[in-house]
J.: 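Take a look at the following structure, please.
Both counts, for ligands and for their atoms, begin at 1 and track the order of listing.
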Amino acid sequence: MASINKLWCLSLLGFFVALGNAEWDSSLYASSDSFYPSPKISGSGGWEESLSKAQTWVSNLTLAEKVGLVTGSSGPCAGNIAPIERIGFGGLCLQDGPAAIRQALYASVFPAGIAAGASWDRGLINARGRYLGEEFRAKGSHIALAPVAGPLGRSPFGGRNWEGFATDPYLSGVAMEETVLGLQAAGVQATSKHYIGNEQETQRNPTTVNGTTIKSISSNIDDRTLHELYLWPFANAVRAGSASIMCSYNRLNQTYGCENSHTLNNLLKTELGFQGYVMSDWGATHSGVAAIEAGQDMDMPGTISFGDLSSGSFFGANITSAVNNRTLDVARLDDMVLRILTPYFHLHQDENFPPVDETTGSLNFFGAREADKIFKQGPLVDARGEGHADLIRELGAAGTVLLKNENNALPLSSPKNLAIFGNDASDASQGLYYFALFDAFSFPEFGTFAVGGGSGAGRFSYIVSPLEALKAQGQADSTLVQYILDNKYITKAGLESLAPVPDTCLVFLKSWATEGFDRLSLIAESNSTAVVAAVTSVCNNTIVVVHGPGPVIMPWADNPNVTAILAAHYPGEQTGNSIVDVLYGKTNPSGHLPYTIAKNADDYAYNLVNSSALLASTDPNAWQADFTEGQLTDYREFDAFNKSVAYEFGFGLSYTSFSLADLAVTYTFTSPLARTPSPATPIVPGGNAELWDVIASVSVTVANTGSVGGQTVPQLYISMPASVGAGTPVRVLRGFDKVMLEVGESKTVEFELMRRDLSYWDVVAQQWTLPSESIGVSVGFSSRDLVVSGSLTV
Ligand SMILES: *[C@@H]1O[C@H](CO)[C@@H](O)[C@H](O)[C@H]1NC(C)=O
Ligand SMILES: *[C@@H]1O[C@H](CO)[C@@H](O)[C@H](O)[C@H]1NC(C)=O
Ligand SMILES: *[C@@H]1O[C@H](CO)[C@@H](O)[C@H](O)[C@H]1NC(C)=O
Ligand SMILES: *[C@@H]1O[C@H](CO)[C@@H](O)[C@H](O)[C@H]1NC(C)=O
Ligand SMILES: *[C@@H]1O[C@H](CO)[C@@H](O)[C@H](O)[C@H]1NC(C)=O
Ligand SMILES: *[C@@H]1O[C@H](CO)[C@@H](O)[C@H](O)[C@H]1NC(C)=O
Ligand SMILES: *[C@@H]1O[C@H](CO)[C@@H](O)[C@H](O)[C@H]1NC(C)=O
Ligand SMILES: *[C@@H]1O[C@H](CO)[C@@H](O)[C@H](O)[C@H]1NC(C)=O
Ligand SMILES: *[C@@H]1O[C@H](CO)[C@@H](O)[C@H](O)[C@H]1NC(C)=O
Ligand SMILES: *[C@@H]1O[C@H](CO)[C@@H](O)[C@H](O)[C@H]1NC(C)=O
């Protein structure tokens with residue numbers, strides 16, 4: 001392997017030089033370090049008993065049965081592990097995805113990850129995970145292919161960023177942890193994905209140009225950035241006990257994500273002490289024994305064919321012959337099986353797990369229906385449990401961010417004459433299933449975006465559209481509700497057909513994003529800028545609602561006739577009710593941006609590799625993404641270069657106002673702390689146990705100084721001392737809380753800081769290390785609205 005990598009390195013040199021980054025030494029990224037053998041499961045973190053149960057089972061399995069447990073087969077679900085009837089094992093049903101059990105009837109579509117992240121609400125995020133888990137379980141699905149921490153959002157153009165929670169690793173990590181806990185509390189296995197560096201859709205998989213296989217993009221990431229940015233939220237997922245981690249399509253330092261012994265054996269299974277199994281993304285396996293020895297444990301979809309991505313499996317019968325001819329030690333196969341069965345027993349999935357819903361196979365996009373009888377089938381069930389729709393409505397509103405509110409435009413109170421504009425306001429016009437829309441261009445022109453496209457979509461049972469909910473509210477208030485939904489008509493004829501000019505104009509804009517493609521523009525679709533111009537030219541009280549996947553550029557934000565702006569994300573099936581709750585003040589908005597909205601798209605580093613020359617290249621290694629910006633993505637980039645933004649990370653308004661005061665630091669250690677955790681301290685799932693010790697806490701007083709009750713999100717940022725070195729962000733998020741305050745009420749909020757929160761990754765020591773100098777600490781209502789500051793020294 002090493003000598004091949006050297007050759008690649010030579011052929012790549014020209015490419016790296018062409019990028020013109022003097023400091024980027026491409027030879028360093030020409031390979032990932034090797035790390036063998038693959039660590040064995042120990043059961044640490046409370047899985048000991050389940051492991052011993054799994055061991056008893058494994059001792060009774062034939063080689064073929066073991067191979068079957070690690071290799072996907074045809075079946076009714078998106079992924080299937082076949083039953084073993086001899087021992088009463090019912091098989092495993094794996095289903096997408098992060099916002100819904102996608103392949104199901106009578107199931108809920110929840111707010112997308114980015115909407116959940118924008119709520120900054122641990123309780124709601126946990127409830128979302130639990131309700132999702134209940135629906136997977138009701139449908140007989142053991143394994144949810146969720147949640148998402150990769151992509152993290154290196155590029156605002158990333159097509160799948162909306163499936164995850166935030167561009168910030170701390171916020172993403174908290175949301176990962178809550179979601180894993182929620183899903184698994186419902187008895188369903190979480191699959192935290194896509195591990196790791198899966199930051200663009202373009203060339204995420206190999207292509208063929210002129211008969212030559214062109215490899216997937218290689219994410220070339222330095223060690224410190226890997227630890228402090230991209231690995232961070234996965235550490236939370238491992239700590240929460242995520243049953244599975246999905247290895248990703250991309251390469252890392254030239255080696256595929258599913259056969260990278262450094263990221264799998266070393267970072268995940270050794271440093272983070274991961275006890276579960278590594279499952280491939282669909283078709284992401286590129287070798288058999290090599291991937292297995294590098295740490296991959298399960299191949300998906302396995303022995304079925306999936307487009308041109310796979311035919312047969314590198315696992316399956318290939319493992320049988322590799323064990324028989326002694327290329328692969330059966331002990332490694334046993335470990336793969338134990339890693340798969342232990343969480344199955346831990347979550348009691350061997351006891352009364354519901355059968356796979358009989359309608360599941362007919363919804364299977366992968367054409368494996370002929371084999372859909374491999375599982376015991378159960379009747380069609382309605383998975384939408386008590387309270388699920390209410391949670392979706394509440395979280396949809398909680399994930400809506402109020403960005404502008406002039407002249408008390410909001411909340412609305414019984415407007416006389418309300419008009420609604422734009423092709424995002426009404427019902428979906430091409431059916432309720434957005435999965436098949438693996439296309440950057442062909443989203444439906446008419447109809448609201450309540451979720452994005454690809455495997456992160458869901459099959460809606462219904463959508464309450466904004467128009468429908470606003471009409472209902474208008475009827476209750478005797479409001480005149482007029483609407484024009486055709487953007488082409490609006491930009492041509494303006495508000496001509498309305499009489500008289502409305503006192504309140506609501507414009508609904510939408511921005512598309514889907515798996516498989518990166519975004520082509522950050523401006524909302526369908527001539528949105530001209531639509532806003534047409535409405536604002538007549539209506540001086542224009543309120544703009546944007547349904548989108550994250551950053552959407554708002555060239556009209558400073559227009560004085562735009563009196564209010566709401567970033568409503570992809571809120572799921574209750575979208576109309578959620579937005580009415582916010583617009584009419586039934587819910588006081590409390591969402592905060594989990595990313596930055598720049599003034600212009602060019603203000604962001606593009607951070608996406610693509611060109612027509614690359615698309616035509618016949619060099620198998622042509623696609624290289626050098627993460628030269630290191631940790632400086634999103635707000636860390638804007639802060640490092642003092643660039644102004646439209647709305648910064650963490651920003652969000654309320655119908656009331658809040659104050660913040662009295663920052664105080666308390667230390668919770670008695671004797672001086674070692675700079676690094678002791679190597680003698682056990683590794684628990686999540687890493688060295690000391691990393692999770694609270695060593696200091698910071699308190700502040702928050703008060704509601706306005707005239708209505710509401711929730712606020714105080715945020716704690718730290719600034720590392722200069723000694724930590726180049727590439728250190730100006731400040732990073734290390735705490736937040738969501739606090740409900742009635743009028744005049746004040747509360748003390750406490751932020752607990754763990755050793756990990758106050759450490760940086762020392763690449764020489766290969767340890768999380770506490771700086772000796774003082775660390776700056778600020779608390780405020782956004783990354784740029786820092787109200788109180790102090791420092792701490794640990
Ligand atoms: C990639 O190479 C860099 C430079 O040697 C190293 O710091 C980093 O850990 C490597 N990353 C991976 C995923 O192998
Ligand atoms: C192996 O499985 C069979 C079938 O369930 C069972 O009868 C037998 O007792 C098992 N043997 C051991 C050693 O567990
Ligand atoms: C593809 O192959 C054809 C025929 O061999 C050749 O003429 C053409 O230049 C090749 N294109 C590229 C991009 O290499
Ligand atoms: C074994 O792996 C190869 C790829 O190396 C694949 O083409 C073949 O179909 C596999 N065998 C089986 C039985 O799946
Ligand atoms: C052993 O089997 C594997 C999988 O079929 C194959 O790739 C490998 O070449 C075989 N090795 C020997 C020495 O036969
Ligand atoms: C967008 O709106 C402008 C202004 O009305 C109009 O000139 C243009 O034709 C519209 N573009 C499209 C694609 O409809
Ligand atoms: C704002 O609206 C008024 C009508 O109330 C209009 O006269 C004016 O031109 C508009 N301003 C802008 C910047 O569109
Ligand atoms: C806004 O427009 C209304 C008429 O639609 C007008 O009565 C009002 O004075 C305008 N307000 C401002 C501040 O221009
Ligand atoms: C990638 O580049 C090609 C060729 O220039 C272009 O057609 C395509 O739209 C680009 N993709 C993205 C996501 O920008
Ligand atoms: C940004 O501003 C700070 C404080 O004003 C200053 O110290 C720093 O040098 C500036 N950085 C850049 C890149 O301009």
J.: Can you sort out which atoms of ligand 1 are near D222, meaning under 4.0 Å from one of its heavy atoms?
T.: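 Numbered from 1, ligand 1 contributes 7 (O).
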
J.: Starting from atom 6 (C) of ligand 1, what is the nearest protein heavy atom, named by residue and atom, and what distance separates them?
T.: D223 N, 3.9 Å

J.: Assess whether side chain to side chain contact (heavy atoms under 4.5 Å, CB included) is satisfied between T167 and L152, documenting all intermediate values.
T.: CA-CA 5 Å; T167 53; L152 190 60; 5.5 Å; no

J.: Would you please indicate yes or no on a ring centroid separation below 6.0 angstrom for H262 and F35?
T.: no

J.: Protein heavy atoms: any of them under 4.0 Å from atom 2 (O) of ligand 8?
T.: yes

J.: Quick one: does V538 get within less than 4.0 Å of ligand 7, heavy atoms only?
T.: yes

J.: Flag the pair L267 / I196 as yes when at least one side-chain heavy-atom distance between them is below 4.5 Å, and no otherwise.
T.: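 No; the side chains remain at least 4.5 Å from each other.
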
J.: So, do Y489 and N423 sit near enough that their side-chain heavy atoms are less than 4.5 Å apart?
T.: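 Not touching, per the 4.5 Å side-chain cut-off.
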
J.: As an exercise, state the distance from NE2 of H227 to OG of S759, rounded to the nearest 0.5 Å.
T.: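 Those atoms lie 12.0 Å apart.
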
J.: Between R636 (side chain) and P729 (backbone), is there a donor-acceptor pair under 3.5 Å?
T.: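 No; zero donor-acceptor contacts below 3.5 Å.
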
J.: Considering only protein heavy atoms, which is closest to atom 12 (C) of ligand 7, and at what distance to one decimal place?
T.: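 Its nearest protein heavy-atom neighbour is N561 ND2, 3.4 Å.
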
J.: For atom 8 (C) of ligand 8, find the nearest protein heavy atom and state the residue, atom name and distance (0.1 Å precision).
T.: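 The protein heavy atom lying closest is N540 ND2, 3.6 Å.
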
J.: Under 3.5 Å, side chain of N487 to main-chain N/O of S526, donor-acceptor pair present?
T.: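 It does hold such a pair.
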
J.: Numbering the atoms of ligand 1 from 1, which are under 4.0 Å from a heavy atom of Y29?
T.: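 Near Y29, the atoms of ligand 1 are 1 (C), 2 (O), 3 (C), 4 (C).
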
J.: Counting only heavy atoms, which portion of N253 has something under 4.0 Å from ligand 1: side chain, backbone, both, or neither?
T.: side chain

J.: Answer yes when R332 and E293 have at least one side-chain N-carboxylate O distance shorter than 4.0 Å, and no when they do not.
T.: no

J.: Closer than 4.0 Å to some heavy atom of T263 - which atoms of ligand 1 meet that?
T.: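 Counting atoms of ligand 1 from 1, those under 4.0 Å from T263 are 13 (C).
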
J.: Heavy-atom contacts under 4.0 Å between I221 and ligand 1: side chain, backbone, both, or neither?
T.: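 The part of I221 near ligand 1 is the backbone, not the side chain.
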
J.: For atom 7 (O) of ligand 7, which protein heavy atom lies nearest, and how many Å away is it?
T.: S537 O, 4.4 Å

J.: Any side-chain to backbone donor/acceptor pair from R755 onto W692? Under 3.5 Å, distance only.
T.: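 Here the side-chain-to-backbone pair does not exist.
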
J.: Determine whether the aromatic ring centres of residues Y29 and W24 are separated by less than 6.0 angstrom.
T.: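 Yes; Y29 has its ring centre under 6.0 Å from that of W24.
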
J.: Could you tell me, atom by atom, which parts of ligand 1 come under 4.0 Å of a heavy atom of S32?
T.: 12 (C), 13 (C), 14 (O)

J.: Over all heavy atoms of both residues, which pair between G686 and V238 is shortest? Give the atoms and the distance, please.
T.: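 Heavy-atom minimum between the residues: N-CG1, 3.3 Å.
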
J.: Are there protein heavy-atom neighbours of atom 14 (O) of ligand 8 below 4.0 Å?
T.: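 Neighbour list for atom 14 (O) of ligand 8 includes protein heavy atoms (cut-off 4.0 Å).
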
J.: Provide the number and element of each atom of ligand 1 under 4.0 Å from a heavy atom of H262.
T.: 9 (O), 12 (C), 13 (C), 14 (O)

J.: Using a strict cut-off of 4.0 Å, indicate which atoms of ligand 7 neighbour a heavy atom of T536.
T.: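 Going through ligand 7 atom by atom, the ones under 4.0 Å from T536 are 1 (C), 2 (O), 10 (C), 14 (O).
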
J.: Heavy atoms only, cut-off 4.0 Å: how does L226 contact ligand 1, side chain, backbone, both, or neither?
T.: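 It is the side chain that touches ligand 1; the backbone stays farther off.
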
J.: What's the shortest distance from atom 5 (O) of ligand 1 to any protein heavy atom, and which residue and atom give it?
T.: L28 O, 2.9 Å

